[in-house]
Amino acid sequence: MIKYNPAKIEKKWQKRWFTSGVFEAKNSSKKPKYYLLDEFPYPSGDGLHVGHCRPYIGLDVIARKRRMQGFNVLYPMGWDAFGLPTENYAIKKGVHPAIVTKKNTANFKKQMKNLGLSFDWSREINTTDPKYYTWTQWIFIKLFEAGMAYKDKININWCPKDKTGLANEEVINGCCERCGTKVEKREKSQWLIKITKYADRLIEDLSNVDYPARVKDQQINWIGRSEGINIDYQIENSKKVISVFTTRPDTNFGATFLVVAPDGKFVKENVEEFPEKEKVRAYVKESLAKPEIDRTAEGKKKTGVPTGWYAINNLNGKKMPIYVGDFVLGQFGTGCVVGVPGHDVRDFEFAKAMGLEIIRVVVGPDGDKSEITDVKQVQEEKGTMINSGFLDGRDIHEATKVIMDHIVEKGWGKKIVNYKLRDWVFSRQHYWGEPIPMIYCAACGWVTVPEKDLPVALPKVTKYQPTDDGESPLSAIEKFVNTKCPKCGGAAKRETDTMPNWAGSNWYFLRYTDPKNNKSLADEKVLKYWMPVDWYNGGMEHTTLHLLYSRFIFKFLWDIGALPKEIGNEPYKKRTSHGIVLAEGGVKMSKSKGNVINPDDVVKEYGADTLRVYEMFMGPFEQMIPWDTKGIVGARRFLEKIYILANKKVATKSSQDLALALNKTIKKVSEDIELMKFNTAISAMMSFVNEWYSSETGLDKKDLQKFLTILSPFAPHLAAELGLKERTWPTYAEIQEATVMMIVSVNGKVRDKMEMKSGLDQSQVEGLVLHTPKIKPWLEGKQVKKIIFVLNKLINIVV
RNA sequence: GCCCGGGUGGUGGAAUGGUAUACACGCAGGACUUAAAAUCCUGUGACGGUAACGUCUUGUGGGUUCGAGUCCCACCCCGGGCACCA
């Protein structure tokens, strides 16, 4: 008996595939194009684990199906290789990061090939390749030229362990996303990118793309748009005004104090004039010394000190004391809050702590008389204004409109939109990243490196260590730092910070279309052909990072004409995301826990096709799922059965039942792949194989081809080995089977199932059903009230 | 606190408002074998019954419906994201 030997089969077919170039996409074709993309990996030293493979296999299934559907498919792969783990390894072992990267990518590539993934390796890219990062640097220059990149001294998130600045998006719960160390605030001069300028478009254009709702929601929340008004309050006995952002001006008659942020502009500019400047100075010093997490971790305890200044509420002439309090954020709005303690929990807590007056200006429909009602809770419902002069008696929503217009008309303020999204901190103090192509000249200021001089290559160094003072390791290399100003020719210094690792991934999907171009980031004609990406899969963890950044950079490049207008202003038509694979027992797979499963081992023991089938079968694609080594044998047995059947049971004519079952299976598999319901697609094939297994006759050659075709995206090696020649995805017919199983229920409870001819109408079915021995007893002595009839499906007798 | 998901056998999971527990793993029994592995066959939600069959069962409690895992309301629990955002 012939034995299924995946090791032999798989090597053979992989060799054929990767030497013949069958997976290489052509830049022009009579076929329609289809661009499928999965996020490219960071090639770590540990290699791929079984969780990384899952999304690649999932999209590989789609890629293989699309090819058979007659598309010219681009399914590329590359390496997002700049980053800290490689740098740290290089520091520890004294090996150049480029060498480490080369070794790691070779290993990743080998692992991917072993799985039979149908990547177009002729388009492989690597973000650390100078020929690639030339264009990453070019994009930075364009950003600078457009006024979208600027250097500013700001309080940044500083990770003391990684010794680098972090973007807001890289800080999780006040800790470094990568190493979990508590993030500190540090004042540093940094490059920033004006992503905030694109905030509205990043929200609005989401309506034109096919993303899961949760991805859209998360991006919208992250951008955090809020409409409101900046109200200017006169400061008592002074010409100065203080401007305060609020979304609820309707409650302004209830304002009893103002609070400014300790790190905000207002304090910086005016401390010296505060009557209470000593107290304020001490408070500011104390609160800035605390790491931000500790400040928020102390709960909602409100602290603050008075400045001694007062602001005047134009609406009622009321004198409001101005405090400094650290619950107010310096970076949001104007760094200042107007305290309405009757209707905001935080203001209420502050008022209680400071002994300030509390005035109610809104009553809910139930007319509650408590000291405070959080207006945010009332918002969706109804509230009526009280103690608010001309607003009294109005509904809160109406009052908001009236008071806004009133304030604007009087010149006391103007409408404004604020965002939680901040400008993007783009400087990192590390070696292993793209040098920022800027030169500082004492006479000319910041000057871009001329395009002809790109790339600004990373210099060879012996030490990659970041420094404690927060300077990039590049700053110690005089040959690199000292240069001439491209504008005036005078002595000048290079920027020594490097870019964050998001820089290379911002635009990589464009490069795949034309990876070897050295005149532009990609040729216009080729971009026109391939873009936008038709289907982009990736991790949920990138929703407010890579996915948002790359949408932004794409829009920017499109705006400045670096991309053809025809391709539209969104890079990805459709986005999906995969769930992560957990270790057995539902804990995270990690090297430190020693529970990582290496795909190489699984391939060795069971074969690549088995691993592919199992990874697709284990559960819903987008869901987190624990690995189960025992479960793999199910996938192997399934393939084993197919191997036996295809070798033995080939008939001259397929049996009627089997042909019908195959038709149903083709339909199910075709539809499920599109919905990424790979698990149910496979279970349908399993059911079919089981039926085939117990059938007397078997399939004929034509039907066998059809089955191998739908199997081939999942188990391509086996399908090829069993003689798959068909390169066309099979169609299926909508067949109404001759007999149907009719459900007979009484009062909604199933009492019988009867096989009958399909297409019978209600009265015919009633005739067959009402007097059977199984149903009759349920109707005895009862009145039939109603009969519900569903064609070919069910009849329900209500008594 | 706010915004998303989710809760179904021993396990992973399946189910356009219409047969709940497909498919797979595991387990039990049997066949083959000197024996084991592999393979094959049978069974496998719970309770009662020799059985036919009946009753109960999709986190909890209500509701809509001829009929609810699926829709509505309230609550409990789990996962993810945001979080003193004015």
Side-chain angles (χ1 to χ4, degrees), chain A residues 1 172-174 212-222 224-226 228 244-248 251 258-259 261 292 295-296 298-302 325-329 331-340 344-347 349-350 374-377 418-421 540-541 543-544 579-580 584 586 613-614 617-620 622-635 637-638 640-641 644 677 679-690 693-694 741-753 774 785-790 793-799:
Chain A
M1 189 174 146
I172 311 289
N173 280 329
R214 58 187 174 143
V215 171
K216 291 188 182 182
D217 286 348
Q218 242 183 72
Q219 289 204 343
I220 291 167
N221 285 344
W222 182 260
R225 184 190 151 98
S226 56
V244 183
F245 178 69
T246 177
T247 56
R248 296 301 302 267
T251 62
L258 300 187
V259 191
E292 208 168 10
R295 219 170 77 188
T296 44
E298 278 164 20
K300 303 278 149 89
K301 231 176 248 167
K302 297 289 179 289
D326 66 4
F327 81 92
V328 181
L329 302 170
Q331 321 92 299
F332 188 80
T334 59
C336 177
V337 166
V338 53
V340 184
D344 181 283
V345 188
R346 291 154 311 169
D347 295 350
E349 286 162 355
F350 191 80
D374 191 349
V375 274
K376 279 180 201 144
Q377 308 296 329
N418 263 310
Y419 303 92
K420 288 204 283 186
L421 184 73
M540 270 314 277
E541 72 276 17
T543 301
T544 56
I580 60 168
E584 256 162 301
V613 168
Y614 175 63
F617 179 67
M618 61 199 292
E622 74 288 352
Q623 194 181 297
M624 250 205 274
I625 194 109
W627 183 259
D628 179 17
T629 301
K630 275 193 242 150
I632 303 170
V633 298
R637 282 175 195 157
F638 166 62
E640 202 106 34
K641 271 186 193 172
I644 293 167
K677 292 168 77 175
N679 52 335
T680 49
I682 290 170
S683 81
M685 286 190 282
M686 284 173 166
S687 297
F688 173 75
V689 168
N690 290 342
Y693 209 77
S694 53
M741 193 61 85
M742 189 58 94
I743 307 302
V744 187
S745 59
V746 179
N747 284 346
K749 269 200 182 347
V750 179
R751 295 302 175 190
D752 197 11
K753 300 159 195 178
K774 274 197 181 161
K785 267 205 237 156
K786 196 169 167 186
I787 293 180
I788 311 284
F789 177 75
V790 182
K793 217 162 212 173
L794 145 151
I795 182 159
N796 184 25
I797 304 145
V798 187
V799 297

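None of these values were measured; they are calculated from a predicted model. In what follows, chains are A, B, ... by sequence order, proteins preceding strands, each numbered from 1.
With a cut-off of 3.5 Å on both pairing distances, the Watson-Crick and G-U wobble pairs of RNA chain B assemble into stems of 3 or more at B:1-7 with B:76-82, B:10-12 with B:23-25, B:26-31 with B:39-44, B:45-48 with B:53-56, B:59-63 with B:71-75.
Checking B:C23, B:U16, B:A86 against every side-chain atom of A:K793, the shortest atom distance belongs to B:U16. Checking B:A86, B:C40, B:C23 against every side-chain atom of A:F617, the shortest atom distance belongs to B:C23. Nearest nucleotide to the A:R751 side chain, out of B:C84, B:C25, B:U55: B:U55. Distances from the side chain of A:I743 to the nucleotides B:C23, B:U19, B:G54 place B:U19 closest. Checking B:A15, B:A86, B:C66 against the side-chain heavy atoms of A:T680 singles out B:A15 as nearest. Closest to the A:K302 side chain, of the nucleotides B:G13, B:C40, B:C84, is B:C84. Nearest nucleotide to the A:N690 side chain, out of B:A86, B:C23, B:A14: B:C23. When each of B:C82, B:C66, B:C25 is scored by its nearest atom to the side-chain atoms of A:W222, the top-ranked nucleotide is B:C82. Distances were taken from every side-chain heavy atom of A:T246 (C-beta onward) to each of B:C3, B:A86, B:G12; the shortest belongs to B:A86. Listed nucleotides: B:C84, B:A86, B:A20. Nearest to the side chain of A:D326: B:C84.
Shown here are the side chain to side chain donor-acceptor pair (under 3.5 Å) partners of A:N796, two or more places apart in sequence or in another chain: A:S745. Evaluation of the ring-ring contact (aromatic ring centres under 6.0 Å, His included) rule for A:F350 yields A:F257, A:Y323, A:F327 as partners, not counting sequence neighbours.
More than 90° away from 0 lies the glycosidic angle of B:G43, which makes this nucleotide anti.
We find that CG of A:L794 is positioned 15 Å from C1' of B:A20, with the value rounded to whole Å. As rounded to whole Å, 9 Å separates atom P of B:C3 from atom CG of A:N221.
Evaluation of atom-type donor-acceptor distances gives no pair under 3.5 Å for the side chain of A:D217 against the base of B:C4.
Judged by distance alone, the side chains of A:K641 and A:N690 do bring a donor and an acceptor atom under 3.5 Å apart.
Comparing the C1' positions of B:G10 and B:G63 gives an interatomic distance of 34 Å, to the nearest angstrom.
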